[in-house]
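One structure is given here, and the rest of the page talks about it.
Counting convention: from 1, in listed order, for ligands and their atoms alike. Keep in mind it's a predicted model, so treat the numbers as computed, not measured.
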Amino acid sequence: MATKGASVGVLALQGDVVEHLSAMRESGVDALPIKTVEDLGRVDGLVIPGGESTTVMKLLDRFQLAEPIAQRVREGMPLWGTCMGMIVIARDVTGTQQPTLDLMDISVRRNAFGRQNESAEVPLAIPALGDKPFPGVFIRAPWVERAGRAVETLGERDGHAVMVRQENVLATSFHPELTGDRRVHEYFICMVHDALVGKRRKIA
Ligand code: GLN
């Protein structure tokens, strides 16, 4: 029996939305921009892209999306935050009272790699993606300052975690959508397929 393919949403309030949508489509899934709760109901996984975290937290409140996203994630929907997205899903932001969605047990430091390195492309060893280093594009990127026991570090730059996962939530400090390398998108799509299979099993 044919089953419907997975669809992945990209939060489309601000930031590099278009790049993620095309990277997802190139990787073989339906991809939809997400602006409303109705949009959110149509997808099996969500990406929060790069952008400006304080602006996006305000917009999430204004569009009444913060709680519906948190609820879907608590029910098992896979979520991936890139750069600003990592900040938005963190428990807290070191040195600030900045509000977050608190969906992963990490504390992050904004703009952590310093002025000299505000933008850089750094080859990263990420065993979960295979032997070939991944081109890490960092743009005023955060790093993970503290990670709880449930958080798995998948990649580091200069001893700081820059790719982490806690169950159905993935975060990268860098921007895979700005490279031609689709391995992190494919990794996330696998998380989405696994969640769908798990859900079907629960229903069956
Ligand atoms: N520095 C930005 C912030 O703190 C994130 C930068 C990015 O997403 N490229 O929101």
Side-chain angles (χ1 to χ4, degrees), residues 8-24 31 33-35 45-63 65-66 69-70 73 78-124 126 134-147 151 153-158 160-166 169-185 187-188:
V8 172
V10 179
L11 185 69
L13 304 180
Q14 192 250 358
D16 56 346
V17 177
V18 174
E19 294 83 351
H20 266 297
L21 288 170
S22 23
M24 283 296 173
I34 303 299
K35 286 201 167 100
L46 180 69
V47 177
I48 302 184
E52 215 292 315
S53 52
T54 47
T55 309
V56 165
M57 277 309 299
K58 286 185 197 137
L59 293 173
L60 279 168
D61 270 345
R62 191 181 308 158
F63 285 71
L65 274 167
I69 290 173
V73 173
L79 172 69
W80 172 23
T82 56
C83 199
M84 177 269 289
M86 172 189 265
I87 299 169
V88 166
I89 68 185
R91 171 142 306 158
D92 48 39
V93 184
T94 307
T96 76
Q97 299 293 318
Q98 185 174 332
T100 61
L101 293 182
D102 186 8
L103 293 170
M104 194 191 263
D105 186 13
I106 54 172
S107 305
V108 296
R109 182 174 289 278
R110 285 179 76 185
N111 304 322
F113 288 101
R115 293 185 77 91
Q116 296 288 329
N117 289 318
E118 274 187 349
S119 293
E121 183 168 327
V122 181
L124 302 171
I126 303 178
F134 191 88
V137 174
F138 290 84
I139 305 170
R140 292 166 39 82
W143 71 41
V144 177
E145 188 105 338
R146 178 203 62 84
V151 178
T153 296
L154 299 174
E156 291 183 343
R157 173 182 168 192
D158 304 335
H160 299 284
V162 293
M163 179 167 174
V164 283
R165 177 173 176 179
Q166 181 180 339
V169 184
L170 178 70
T172 54
S173 302
F174 49 97
H175 291 267
E177 74 287 3
L178 300 182
T179 72
D181 195 320
R182 293 289 164 255
R183 283 179 292 160
V184 185
H185 287 81
Y187 180 93
F188 181 68

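For atom 4 (O) of ligand 1, the closest heavy atom belonging to the protein is R110 NE, 2.5 Å. N111 OD1, 2.7 Å is the protein heavy atom nearest to atom 1 (N) of ligand 1.
The backbone N or O of V93 sits nowhere less than 3.5 Å from a side-chain atom of S107 that would complete a donor-acceptor pair. Q166 places no side-chain N or O within 3.5 Å of a backbone atom of V169 that could act as its donor or acceptor partner.
At a 4.0 Å heavy-atom cut-off, ligand 1 touches I87 through the side chain alone.
Shown in contact with E52 at under 4.0 Å from a heavy atom are these atoms of ligand 1, numbered in order with element: 10 (O). Within ligand 1, the atoms closer than 4.0 Å to a non-hydrogen atom of G50 are 8 (O), numbered from 1 in the order shown.
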Check: residues 79-88 side-chain donor-acceptor pairs under 3.5 Å, at least two apart:
residue	atom	partner	partner atom	Å
W80	NE1	T172	OG1	3.1
T82	OG1	H20	NE2	3.2
T82	OG1	G50	N	3.4

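Residues meeting the side chain to side chain contact (heavy atoms under 4.5 Å, CB included) test with D181, sequence neighbours left out: K132, F134, P135, T179, R183.
Checked by atom type, the side-chain pair Q98/T54 shows no donor-acceptor distance below 3.5 Å.
Nearest residue to atom 6 (C) of ligand 1 from C83, S53, G85 is C83 (criterion: closest heavy atom). Heavy-atom proximity to atom 2 (C) of ligand 1, evaluated over P49, P142, G51, is greatest for G51.
Between I126 and G155, the shortest heavy-atom distance links the atoms CG1-CA, 4.3 Å.
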